[in-house]
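By convention in this document, chain letters (A, B, ...) are assigned in the order of the sequence lines, proteins followed by strands, and residues within each chain are numbered from 1.
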Amino acid sequence: MLDKTFDPKAVETRQSERWDSAEIGKPAGNGAPFTVMMPPPNVTGSLHVGHALNHTLQDVIVRYRRMKKDRVLWQPGTDHAGIATQMIVERQLAAEGKSRRDFTRDEFIERIWKWKAESGGAIVNQLHRLGTSPDWSRERFTMDEGLSDAVRKVFVRLYKQGLIYRDKRLVNWDPKLHTAISDLEVEAKPHKGSLWHLRYAIAGEPDRVLVVATTRPETMLGDTAVAVNPEDERYKDLIGKHAILQLVGRLLPIVGDEHADPETGSGAVKITPAHDFNDFEVARRHGLELINVFDSNAHLNDNVPERFQGMERYAARKAILAELEELGVIEKVEPHDHTLPTGDRSGVTIEPWLTDQWYVDAATLAKPAIAAVEDGRTRFVPVQWEKTYFEWLRNIQPWCISRQLWWGHRIPAWYGPDQTIFVEETETEALAAAKAHYGHDVELVRDNDVLDTWFSSALWPFSTLGWPEQTPELTQHYPTDLLVTSFDIIFFWVARMMMMGLHFMDDVPFKRVYIHALVRDEHGQKMSKTKGNVIDPLVIIEKFGADALRFTLTALTAQGRDIRLSEQRVEGYRNFATKLWNAARFCQMNECHPVPGFDPGSVKLAVNRWAVGELALTAGKVADALDNLRFSEAALGIYQFAWGTFCDWYLEFTKPLLAAGGEGAVETRATTAWLLDQILLLLHPTMPFLTEELYEKLGDRGGHLLATSEWPEFGEALVDAAAKEEIDWLVRLISAIRSTKSDINVSAVVPLILKDAGDASIRRLNDYRGLIERMARVDTANALGEAPTGGAARIALDEMTVVLPLAGAIDFAVESARLNKELKRLEGEIDRIDKKLGNEQFVARAPEEVIAEQREKRAEYAAAADKVRGALEMLA
RNA sequence: GGGCGCGUAGCUCAGCGGGAGAGCACUUCCUUGACAUGGAAGGGGUCACAGGUUCAAUCCCUGUCGCGCCCACCA
């Protein structure tokens with residue numbers, strides 16, 4: 001016998017172990033391949049609710065496809081997360097009073113690997129708790145040997161194809177982490193700053209001054225020009241002359257450039273080509289000098305007057321403003337709201353800085369990636385994300401892929417004595433190439449930088465399948481079928497996988513991309529550690545069970561809206577698990593055991609024919625929802641059937657049939673067991689633990705659910721229109737009786753029931769209502785043998801048998817309920833029209849005939865309402 | 001400055017061209033045997049607002065208001 005309640009903890013541990021030993025994640029069978037690439041979580045990560053959502057959705061689909069007998073591969077793994085991981089270990093060192101610089105590069109990397117071995121796998125274990133079922137035996141890490149090999153090959157090929165190159169240009173420099181970062185890793189943070197208006201003297205024009213506005217006075221030391229708009233009448237004549245930068249005694253050419261907007265500031269703008277992306281372009285156009293004034297810490301370097309050298313950037317600002325003040329050239333200072341570029345990892349303000357870095361020619365790689373979505377080889381769900389994707393790819397900038405870190409894939413480039421670059425997969429090959437180039441052996445120095453983490457993740461869909469080897473997995477599982485991820489990494493990851501996949505595999509990496517919502521906190525804020533508003537899925541699992549969490553996340557996943565997770569919701573769905581558990585318990589107590597070879601098409605009783613038909617419809621609905629990635633629809637569909645149809649109606653209808661015994665009971669037992677089984681199967685993708693446990697306990701099927709069952713598919717054949725009509729009628733009838741609570745009905749019916757019963761246990765009048773409900777069910781169940789005609793029905797309730805002329809009462813109940821409803825609707829309409837006619841705006845703006853029409857409608861409704869009232873009175 | 005999305009019951013949210021829904025909360029009742037993590041009944045909604053299209057609009061179109069997010073080099 002099953003326990004009285006479902007105990008998730010015990011079940012989850014046990015079933016997890018069963019699944020692991022059965023290796024349910026391994027691709028099995030000869031079905032069509034179905035492949036899903038797990039977005040590799042950072043090794044530094046710990047399970048947050050976003051992972052929980054992401055992996056639940058994938059697991060739902062993957063389990064569903066396995067039940068459909070596809071050959072499913074769900075490829076798991078973790079990402080080495082360059083900066084994040086290095087930061088963790090550096091923080092550990094800092095706690096010991098050391099820094100990365102106290103170690104050699106190799107020692108430091110050794111230390112990170114050690115950290116990974118000890119605590120890098122936490123997230124994988126946590127995913128286990130959720131019941132996720134990827135093929136753990138194929139788990140990969142972006143820095144493991146095979147994937148690193150793929151990274152080197154890709155880098156070398158792209159370099160030789162001219163799609164990777166080294167360039168000196170402005171990068172986003174993080175002065176705290178001492179590395180370049182890509183545009184995507186820069187966040188614009190709002191900042192309340194000041195705008196300083198400064199007067200510049202003009203060389204040879206003692207009477208003129210030029211006012212220039214800036215938010216960053218400290219960069220003045222690197223100014224090499226002032227730009228004005230060539231169309232700007234105020235300054236046109238100054239073009240070609242020079243402004244005087246008094247601080248350093250430098251002459252700044254005044255150039256005419258479109259970049260200067262006459263509407264903004266004073267219309268004249270200072271040009272600092274080495275520290276501003278726009279100014280850099282201006283300098284290119286006008287051949288201006290570039291003066292770099294910062295070192296890697298964003299402290300002033302030797303290119304500035306000695307008194308400023310070594311100053312931190314904000315200290316320098318103060319010092320410079322003080323001097324300007326003294327010079328009396330500050331025209332005015334305005335408060336100024338703007339945004340500051342901020343490093344997403346370090347949180348410090350990013351400095352545009354002139355360095356040599358490696359770049360990917362993203363614009364070229366983007367073209368096929370755009371085309372593939374345009375022609376539908378890859379589809380986004382929901383489709384509106386395609387717009388975001390296109391927008392970004394069509395305006396894509398070169399991708400800066402080098403990072404001045406130690407943890408990551410070291411760039412396979414070597415420099416000769418004269419700085420000639422040799423890009424090869426190994427040092428040996430580089431040396432050979434150098435020998436060929438120079439004609440003799442030379443010493444090479446390897447590039448110190450590592451690659452952006454996203455470079456290796458971009459290869460994930462084929463590198464994990466064994467590329468560059470032509471493995472059977474690669475042939476069979478690429479392109480993959482589905483990628484499930486959230487919108488915030490469409491650019492970081494999805495777009496780049498598209499580019500790399502198309503370039504190296506000549507096909508899209510995935511046919512569908514499902515973009516799910518972000519899980520937010522109760523205020524709709526993105527959850528983050530710094531805000532301290534994180535809901536820990538492990539705590540939820542502990543409290544309500546993994547199934548309840550999974551079901552909640554699935555039920556809340558509708559398109560186009562973020563998820564605000566509440567614990568109450570999880571609690572509600574935990575109750576659903578309990579409900580189902582108890583339904584199973586009921587089946588067990590009533591000896592409703594699965595009958596081998598049971599044919600749902602063969603049942604005879606109307607109630608059973610109805611139930612199997614409803615189940616078939618539900619199965620179709622759920623499958624359709626899952627096929628189209630409408631997760632909430634799938635979850636709620638099965639919920640509704642299991643609780644609303646099966647528990648609330650079917651089990652109640654059939655209680656008397658079971659009690660009566662005979663052939664009807666035999667058929668009903670078999671049907672009940674079968675229905676419960678089908679519910680378990682339909683629910684399995686969302687609630688794997690509960691369903692697996694019940695499946696195991698309710699029958700001996702010789703193995704776990706995925707191995708020994710199939711997804712229920714019945715088509716329309718099981719739907720018996722006559723049975724459906726009959727039982728639906730009963731359901732409506734009973735509902736109508738229930739909802740008719742007027743004294744007349746209760747008092748009209750109850751005495752009839754009680755006349756011959758005299759049951760001493762019924763004491764209070766309020767009991768009557770419960771009795772009616774019960775009776776109605778007994779009645780209908782008994783009536784199932786013969787078509788309910790609305791005539792006198794036999795009522796059996798325990799030992800008491802009452803014959804009563806229910807028909808009149810029932811008809812009355814139904815009719816009055818209908819009329820009441822109709823009346824309510826009509827009165828609502830009248831109200832609505834009255835409000836409309838009372839609305840000044842409407843009366844003022846609507847044409848005469850529209851108003852007349854409304855008046856007419858009102859009269860019609862009023863007349864109809866009167867009729868209904870009359871009918872109700874007659875009934876009474 | 002562009003783009004996307006959202007405003008449906010007290011709260012969190014599904015839904016959608018023809019009967020306004022779920023979970024939780026609330027009110028009343030129910031220890032009869034699957035389940036009080038339950039059962040039954042009920043209250044509560046001009047589906048943000050205003051126009052338009054339609055026989056019919058919460059749903060489609062336009063505008064307004066409010067909210068959120070993404071992208072963007074404006075001193």
Side-chain angles (χ1 to χ4, degrees), chain A residues 2 4-6 183 188 195-197 212-216 227 259-261 263-272 276-281 336 338-339 341 352 382 384-385 387-388 391-392 395 487-488 490-491 517-518 520 522 524-526 544 548 552 555-590 632-633 635-636 639-640 644 647-648 651-652 655 738-741 761 764-767 769-774 797-798 821 825 828 831-836 839 841-842 845-846:
Chain A
L2 291 169
K4 204 165 175 183
T5 52
F6 169 53
D183 296 345
L195 188 60
W196 287 273
H197 293 252
V212 168
T214 181
T215 55
R216 299 205 56 196
H259 168 60
D261 176 4
E263 305 294 317
T264 307
S266 62
V269 58
K270 72 190 204 61
I271 301 297
T272 319
D276 184 288
F277 289 100
N278 287 312
D279 295 1
F280 185 76
E281 294 304 318
H336 186 69
H338 57 134
T339 58
Q384 64 260 28
W385 291 108
K387 196 159 183 172
T388 307
E391 185 65 23
W392 189 68
N395 298 301
F487 71 85
D488 52 348
I490 290 180
F491 305 146
L518 229 49
R520 295 177 184 277
E522 51 188 329
Q525 296 283 310
K526 203 167 164 174
F544 301 109
T552 306
L556 287 178
T557 295
Q559 297 184 0
R561 196 198 278 233
D562 287 334
I563 294 175
R564 296 190 196 185
L565 190 63
S566 76
E567 211 172 285
Q568 286 183 336
R569 190 92 182 200
V570 184
E571 191 181 351
Y573 290 128
R574 186 275 316 266
N575 294 351
F576 173 52
T578 308
K579 180 74 178 176
L580 202 64
W581 181 266
N582 276 292
R585 192 156 170 267
F586 170 84
C587 293
Q588 207 180 36
M589 293 170 87
N590 285 281
S632 70
E633 210 172 290
L636 297 175
Y639 178 95
Q640 215 165 19
C647 292
D648 285 350
L651 290 185
E652 296 297 337
K655 275 175 184 171
R738 284 179 184 168
S739 67
T740 308
K741 59 159 192 177
S761 73
R764 292 185 300 272
L765 185 66
N766 282 324
D767 287 349
R769 226 145 76 203
L771 185 62
I772 291 176
E773 287 148 17
R774 192 168 294 279
L797 182 63
D798 292 347
K821 205 168 181 184
R825 190 186 73 82
D831 255 24
R832 200 176 276 220
I833 293 174
D834 279 348
K835 273 193 181 142
K836 220 172 193 179
N839 182 316
Q841 269 198 49
F842 175 72
R845 287 160 65 177

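With a 3.5 Å ceiling on both atom-pair distances, B:rC35 lacks any Watson-Crick or G-U wobble partner. For B:rC65, the paired base is B:rG7 (Watson-Crick or G-U wobble, both distances below 3.5 Å). Base pairing annotation: B:rG44 forms no Watson-Crick or G-U wobble pair, as no partner gives both donor-acceptor distances under 3.5 Å. The nucleotide B:rC13 finds its pairing partner in B:rG21, both defining distances of the Watson-Crick or G-U wobble pair being shorter than 3.5 Å.
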List the steps and the verdict of side chain to side chain contact (heavy atoms under 4.5 Å, CB included) for A:Leu2 and A:Met589.
-> CA-CA 9 Å; A:Leu2 291 169; A:Met589 293 170 87; over 6 Å; no

A:Ile490/A:Trp385 under side chain to side chain contact (heavy atoms under 4.5 Å, CB included): CA gap, chis, key distance, verdict | CA-CA 9 Å; A:Ile490 290 180; A:Trp385 291 108; 3.7 Å; yes

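Taking atom CZ of residue A:Phe487 and atom P of nucleotide B:rC6, one finds them 14 Å apart after rounding to whole Å. One can place CG of A:Asn395 at 13 Å from P of B:rG3, the figure rounded to the nearest angstrom. Going from atom CG of A:Leu636 over to atom P of B:rG21 covers 16 Å, rounded to whole Å. Taking atom CZ of residue A:Arg569 and atom C1' of nucleotide B:rU37, one finds them 17 Å apart after rounding to whole Å. Across the protein-nucleic acid pair, A:Leu518 atom CG and B:rG5 atom C1' stand 13 Å apart, rounded to whole Å. For A:Leu565 and B:rC13, the CG to P distance is 10 Å, given to the nearest whole Å. For the pair A:Phe544 CZ and B:rC24 C1', the computed distance is 12 Å after rounding to whole Å. If you measure from atom CG of A:Asp648 to atom P of B:rA34, you get 15 Å, rounded to the nearest angstrom.
When each of A:Thr552, A:Thr578, A:Leu556 is tested with A:Tyr573 by the rule side chain to side chain contact (heavy atoms under 4.5 Å, CB included), just one qualifies, namely A:Thr552.
Closest to the side chain of A:Thr578, from the set B:rC70, B:rC35, B:rA34, is B:rC35. Taking the side chain of A:Arg585 as heavy atoms from C-beta on, and the options B:rA22, B:rA34, B:rG5, the nearest nucleotide is B:rA34. Comparing B:rA34, B:rU37, B:rC13 against the side chain of A:Asn582 picks out B:rA34 as the nearest.
Mapping A:Lys387 and A:Met589 onto RNA chain B by nearest heavy atom places A:Lys387 at the nucleotide closer to the 5' end. Comparing A:Ala584 and A:Gln568 by the nucleotide of RNA chain B whose heavy atom lies nearest to each, the residue mapping closer to the 5' end is A:Gln568.
Annotation: the span from A:Arg585 atom CZ to A:Phe6 atom CZ amounts to 15.0 Å, rounded to 0.5 Å.
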Polar-atom pairs under 3.5 Å, protein N or O versus N or O of nucleotides 71-75 of chain B: list them with distances, or write none.
residue, atom, partner, partner atom, Å
B:rC73, O2', A:Asn278, ND2, 2.7
B:rC73, N1, A:Asn278, OD1, 3.3
B:rC73, O2, A:Asn278, OD1, 2.6
B:rC73, O2, A:Asn278, ND2, 3.0
B:rC74, N3, A:Asp261, OD2, 3.4
B:rC74, N3, A:Thr264, OG1, 3.4
B:rA75, O2', A:Ala213, O, 2.1
B:rA75, N7, A:Thr264, O, 3.3
B:rA75, N6, A:Asp261, N, 3.2
B:rA75, N6, A:Asp261, O, 2.3
B:rA75, N6, A:Thr264, O, 2.7
B:rA75, N1, A:Asp261, N, 3.1

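Among residues two or more places apart in sequence or in another chain, the salt bridge (charged side-chain N to carboxylate O under 4.0 Å, His left out) test is passed with A:Glu567 by A:Lys543. Among residues two or more places apart in sequence or in another chain, the side-chain hydrogen bond (donor to acceptor under 3.5 Å, both in side chains) test is passed with A:His338 by none.
As rounded to the nearest Å, B:rA14 and B:rG5 have P atoms that lie 15 Å from one another.
Between A:Lys4 and B:rU37 there is no side-chain polar atom (N or O) within less than 4.0 angstrom of OP1 or OP2.
In plain terms, the two heavy atoms of A:Asn278 and A:Asp276 that are nearest each other are N-OD1, 2.8 Å.
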